[in-house]
There are 2 protein chains.
Amino acid sequence: MPERLTIKDIARLSGVGKSTVSRVLNNESGVSEKTRERVEAVMHQQGFSPSRSARAMRGQSDKVVAIIVTRLDSLSENLAVQTMLPLFYEQGYDPIMLESQFSPERVEEHLRVMRLRHIDGIVLFGFTGINESVLAGWRDSLVLLARDAPGLASVCYDDNGAIALLMQQLYQQGHRHISFLGAPHSDTTTGLRRHQAYLDSCEHYQIPPCAALPGLGMQQGYDYIAGVLTPATTALVCATDMLAIGASKYLQEQHITHLQLASVGNTPLVRFLHPEIITVDPGYNEAGRQAARQLIDQINHQQSPRQIVITARLAPPITTG
Amino acid sequence: MPERLTIKDIARLSGVGKSTVSRVLNNESGVSEKTRERVEAVMHQQGFSPSRSARAMRGQSDKVVAIIVTRLDSLSENLAVQTMLPLFYEQGYDPIMLESQFSPERVEEHLRVMRLRHIDGIVLFGFTGINESVLAGWRDSLVLLARDAPGLASVCYDDNGAIALLMQQLYQQGHRHISFLGAPHSDTTTGLRRHQAYLDSCEHYQIPPCAALPGLGMQQGYDYIAGVLTPATTALVCATDMLAIGASKYLQEQHITHLQLASVGNTPLVRFLHPEIITVDPGYNEAGRQAARQLIDQINHQQSPRQIVITARLAPPITTG
DNA sequence: CTGTTAGCGCTTTCAT
DNA sequence: ATGAAAGCGCTAACAG
């Protein structure tokens, strides 16, 4: 273990006082160009880096944020986390990850622990069942993802826009009997809003609605697709990519090839397995970016909680070649 | 912001000195039962929790470990990370996550940053191209996953055993013409070792080898399976689950149904999409557990670097019903 | 058993 | 423009 250098050492080596080193470290004004350069040279040459803990102790903040995902292997959440990580690092925050496994209790437990750790902020991927009152205490240092709650900062996907885009696309392609596979209304965003958007589009295009709301996993898609297929059905909209994958599996097994699938969630897996599915990209990457930015701004009191909605975009068709 | 309490406050509130509080906090002996209880009562009642940074400053360690995954959406790595997170938290370590994206340069960059941050330890998911000399400086505080390197702690999968299990299973089922899809030998474990194990099994069972080593992704499986199918082929072993998914897609499209697939990597996705595939579980969960344990032990100087191999196990066939 | 006293590495007055 | 000194919250001798 090479003994760690401290600003004291740097001060000695560059023939200045501790405070000057500190000033250089923090890019404060009031240091002559010459001194600054000299100190910087020594720091660089010695590969010096200040102790995080000591700095944290003086300031208020530990510069740590928590990211609570539902599951590590959620493809959509992965895409969001992927973009926020670099942002946090860039701003000097250590992002630590936690899994809620869709359990509200686990969320509460994590929040409790994070509270004790005096963490600076939290990005929480929302899901059905989270008690909003639990989040109240985090008003100023929490950003909710994929869900919104009154008084809390949130980054949401444009559920309505996403479904509308799919429906419009299908309608333009001549489909007049479009079914829907979604999640129960207890799930406000993915469940209720997307279903409502479907119904709205049906009305708008004069399409007879035909929907089932089993949930958002592969298995549900597989198990429940049969229930929404009528002899007239020519297309099926799925609220999530996982539903679509499950549905596709069923269709393959039944050798049903005439059905056009469409789904929200432009993940790499779907694009590979089923490039023929029309997908809408809810903007996972962008959501991650926005969430990180919002949280950082909130921590720095440069921004108060606000609700952000990410615009959905039709994914370009895949050109096989 | 409620002003944070310090041990000083707790000391005052419970009418003892700071050090006594500190002793209680650290479960040190030499405190009368009465005092301890009183202090603990106050701490609990006030919801007190000590400042991490202050403690870190006194001790040597920040209690932070980094987990460098190749990609956030790697299913196998997810399974490993899933089990290590709780262990790290339990031991008071903050696990922070980083993505290497299979770029050796990014790994070096991350290591550089982590060095500056005076992190306690690192779990690194290995891949082809990492320069081992870069890791030399981390001998005592790094655990390599899915790869091994001389002098470094590592947790590896039993490549040989995994393939042998699959081959044995297939042979027992009567297959005599088994092809193989793998990765190039530049990838020492997934590539070279699994291929070698395949060849060994072939020799052992007197099976004519027929292999291609395009890589480990879905697309490669899809693109290269045709090259290893002869009229006699009745089974195909894939070095990874993703290869198998790609291969399956091809088979479906070509309406080839007589081929038995087998693969390493018992991930939920494969089990759902293709329960008919015979899979071996390399022990991702166990690998995560072992890696975390090993790293923690190393940090605490209770263990020197050693190479751990996880035993592979045949996944139970899925009972549909 | 318990309180007092030094610091840990850094930031922040306050002098100079 | 720069240094000296006083802490931040905690732990670790050292006295009682």
Side-chain angles (χ1 to χ4, degrees), chain A residues 1-43 46-64 92 94 115-120, chain B residues 1-43 46-64 92 115-120 300:
Chain A
M1 281 287 170
E3 265 321 300
R4 280 192 53 180
L5 292 166
T6 77
I7 51 168
K8 205 169 148 190
D9 300 311
I10 303 299
R12 189 170 34 75
L13 288 172
S14 38
V16 298
K18 289 198 307 174
S19 9
T20 305
V21 177
S22 175
R23 285 185 187 105
V24 173
L25 215 48
N26 300 297
N27 277 312
E28 277 172 30
S29 58
V31 181
S32 76
E33 211 37 57
K34 297 189 66 140
T35 332
R36 180 178 301 266
E37 275 169 19
R38 189 149 40 87
V39 174
E40 270 169 350
V42 174
M43 295 203 301
Q46 300 287 338
F48 167 80
S49 77
S51 146
R52 260 178 98 75
S53 8
R55 308 187 86 172
M57 210 172 64
R58 295 296 332 185
Q60 296 309 318
S61 146
D62 280 17
K63 297 278 248 180
V64 175
D94 274 352
R115 173 72 76 198
L116 291 179
R117 292 245 172 121
H118 303 288
I119 235 167
D120 295 297
Chain B
M1 283 286 169
E3 264 320 301
R4 280 191 54 179
L5 293 166
T6 76
I7 51 168
K8 204 170 149 190
D9 300 313
I10 303 300
R12 188 171 34 74
L13 288 171
S14 38
V16 298
K18 287 197 309 173
S19 17
T20 304
V21 178
S22 175
R23 286 184 187 104
V24 173
L25 213 49
N26 299 297
N27 277 312
E28 278 172 30
S29 58
V31 182
S32 77
E33 212 35 58
K34 297 190 66 141
T35 331
R36 180 179 301 267
E37 273 169 19
R38 189 149 38 88
V39 174
E40 269 170 351
V42 175
M43 294 203 302
Q46 300 288 337
F48 168 79
S49 77
S51 148
R52 254 178 104 70
S53 10
R55 311 187 85 174
M57 210 171 63
R58 295 297 324 162
Q60 298 308 321
S61 145
D62 280 17
K63 298 277 249 179
V64 175
R115 174 70 77 197
L116 291 178
R117 292 245 171 121
H118 303 288
I119 238 169
D120 294 297
N300 298 334

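So that the names make sense, note that chain A is the first sequence line, chain B the second, and so on, each numbered from 1.
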Measure [atom1]/[X] against [atom2]/[N] and give the value in whole Å, please.
X        : N       : atom1 : atom2 : result
Lys8(B)  : dT11(D) : NZ    : C1'   : 16 Å
Glu37(B) : dT2(C)  : CD    : P     : 12 Å
Arg4(A)  : dG7(C)  : CZ    : P     : 20 Å
Glu28(A) : dA1(D)  : CD    : C1'   : 13 Å
Met43(A) : dG9(C)  : CE    : P     : 17 Å
Arg12(A) : dG3(D)  : CZ    : C1'   : 16 Å
Asn26(B) : dA12(D) : CG    : C1'   : 11 Å
Arg23(A) : dA1(D)  : CZ    : P     : 10 Å

Out of [options], which nucleotide sits closest to the side chain of [X]?
X        : options                  : result
Ile7(A)  : dC10(D), dG3(C), dT11(C) : dT11(C)
Thr35(B) : dC1(C), dC10(D), dC10(C) : dC1(C)
Met57(A) : dC10(D), dC10(C), dC8(D) : dC8(D)

Show, in sequence, the C-alpha distance, side-chain angles and deciding distance for Ser49(A) and His118(B), and conclude whether the side-chain hydrogen bond (donor to acceptor under 3.5 Å, both in side chains) test is met.
CA-CA 9 Å; Ser49(A) 77; His118(B) 303 288; 3.0 Å; yes
Straight-line distance of [X] [atom1] to [Y] [atom2], nearest 0.5 Å:
X        : Y         : atom1 : atom2 : value
Lys63(B) : Asp120(B) : NZ    : CG    : 7.5 Å
Glu40(B) : Leu25(B)  : CD    : CG    : 9.5 Å
Glu33(A) : Glu37(A)  : CD    : CD    : 5.0 Å
Ser14(A) : Arg36(A)  : OG    : CZ    : 13.0 Å

I'd like to know if [X] reaches the base of [N] with its side chain such that a donor and an acceptor end up less than 3.5 angstrom apart.
X        : N      : value
Ser19(B) : dT4(C) : yes
Arg58(B) : dG9(D) : no
Arg52(A) : dG9(C) : no

Heavy atoms only, 4.0 Å cut-off, all strands: where does Val16(B) land among base, sugar-phosphate and nothing?
sugar-phosphate
What contact category does Ser22(B) fall into here, base, sugar-phosphate, or nothing, at under 4.0 angstrom with non-hydrogen atoms?
base
Is the shortest side-chain N/O distance from Arg55(A) to OP1 or OP2 of dG9(C) below 4.0 Å?
no
Respond yes when some side-chain nitrogen or oxygen of Ser32(B) is under 4.0 Å from OP1 or OP2 of dC1(C), and no when none is.
no
Whichever of Ser49(A) and Val31(B) has its nearest DNA chain C nucleotide further upstream toward 5'
Val31(B)
